[in-house]
Amino acid sequence: MRFSPVAEIRRSALHHNIARLRAMAPNSKLMAVVKANAYGHGLVKLASWMDQVDGFGLARIEEALALRESGNRARLVLMEGVFSEADLEQAAQHKLDVVVHDEQQVRLIEQAKLSQPITIWLKVDSGMHRLGVMPADFQRLYGRLCEAAQVAQPINLMTHFASADEQDNPETQRQTDRFESLTAGLPGERTLCNSAGTLTQSGAHQQWVRPGLALYGANPMVGGRAADFDLQPVMTMRSKVLAVRALAAGEPVGYGNTWRTDKDTRIAVVAMGYGDGYPRHAVSGTPVLINGQRYPLVGRVSMDMITVEVGQAPVQVGDDAVLWGQGLPVEEIAECADTIAYELLCSTTARVQYHYID
Ligand SMILES: *Cc1c(COP(=O)(O)O)cnc(C)c1O
């Protein structure tokens, strides 16, 4: 028996979540966002499990080229666009859609000699102020792109929400209104919604929704849980108990002796640490499932191990532990570490083994 973490990845959960998102946005096409190694789940494998989606969203050209190399022929969208003529030509050759979010990228396209026209998504900054052309520049840049022989017409349109994960934040509607009024009457398809928008902004679904996190079975809403939207976790992070210690009351546990027993108790040591992607800032009290029961993590997270108080429960070396996933919401673990589910899923390190369950 090996005592190392395994990320179990379930195809049935992925398919369930895709069906849920389809049901929630029945009139929209689905662009599955698979950037950052499919949120830590494995890019090529997960994309190969998603033949029922209409396209994929990626952050970087390397990710899209890796998908093409694997034989993926789907529509791929580079959501940050490209930054050199060589990459623009690669995008054209490999039929990658590119997002255009500033004037430099417009100039790059105008000056390029491409083997074939490229499909673009002009991104509007409707208020997040990260990427996108400012509303005041929109008409002018849109007009230039309409004139460019390098651009396949019509031009598609996009924006991104800053706060859609906050249920009652009125800024999301304001962003929607700005985008709609700016782009009213133009041909081309539109996309606004990330997972949070797909789940809660049915009025903004337009022709394409582009969820990431929800595909993998986590709820992006602040304080939310996957079950609120009947989503299922695709990843379950599992490991094993590698030692069990009996300690008297008043004894410290772990680096810095930051936590002490308050009674005679037992501590299970689980093979999972920040060197595997478990968050070092998880506080004492963060739940860990051992043999299907919740117990509190105690003391500091180490590189290769965590310590868990199991009291007098019959926990033994070799028992199964779940760090997040089935039976233990990743959103809850993220809250205990003052972070978000996205970061936990993406942070899995290279020494964690992946077990794909078809
Ligand atoms: C990451 C990303 C998404 C997906 O966001 P989720 O919150 O994971 O659904 C959608 N659109 C853009 C532009 C992104 O960068």
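Every number for a ligand or one of its atoms is a count from 1 in the order of the listing. Since we're looking at a predicted model, the values are computed, not measured. Hydrogens, waters and symmetry mates are skipped; everything else that's a heavy atom, side chains included, is used.
The six-membered or imidazole ring of Y142 lies near that of F138, with a centre-to-centre distance under 6.0 Å.
Looking at L213 next to ligand 1, an N or O pair under 3.5 Å apart turns up. For a threshold of 3.5 Å applied to N or O pairs, the pair formed by K123 and ligand 1 contains no separation below that value.
Across Y39, W121, F161, heavy-atom proximity to atom 6 (P) of ligand 1 is greatest for Y39. Counting only non-hydrogen atoms, the option in E80, M31, K35 that gets closest to atom 2 (C) of ligand 1 is K35.
The protein non-hydrogen atom at the shortest distance from atom 9 (O) of ligand 1 is S195 OG, 2.5 Å. The protein heavy-atom contact nearest to atom 11 (N) of ligand 1 is R210 NE, 2.8 Å. Nearest non-hydrogen protein atom to atom 7 (O) of ligand 1 is Y342 OH, 2.6 Å.
Taking the six-membered ring where tryptophan is involved, the planes of Y39 and Y342 are tilted, since the angle between them lies from 30° to 60°. Note on ring orientation: taking the six-membered ring where Trp is involved, the planes of F83 and H101 are tilted (angle from 30° to 60°).
At a cut-off of 3.5 Å, with distance as the only test, no side-chain donor of E171 or S163 sits close to an acceptor on the other residue. Counted by atom type alone, R300 and T258 present zero donor-acceptor pairs between their side chains at under 3.5 Å.
The side-chain heavy atoms of D230 and H16, taken from C-beta on, include a pair separated by under 4.5 Å.
Contact annotation: for P220 versus ligand 1, there are no heavy atoms closer than 4.0 Å.
Contact analysis puts M158 in contact with ligand 1, with a non-hydrogen atom separation below 4.0 angstrom. Under the 4.0 angstrom criterion for non-hydrogen atoms, A196 is not in contact with ligand 1.
For ligand 1, the atoms closer than 4.0 angstrom to any heavy atom of H160 are 10 (C), 11 (N), 12 (C), 13 (C), 14 (C). Contact atoms of ligand 1 toward P211: 9 (O) (distance under 4.0 Å to a heavy atom of the residue).
Salt bridge E8/R238: present, at least one basic N to carboxylate O contact under 4.0 Å.
Cation-pi geometry between K240 and F3 is not satisfied (NZ or CZ under 6.0 Å from the ring centre, within 45° of the ring normal).
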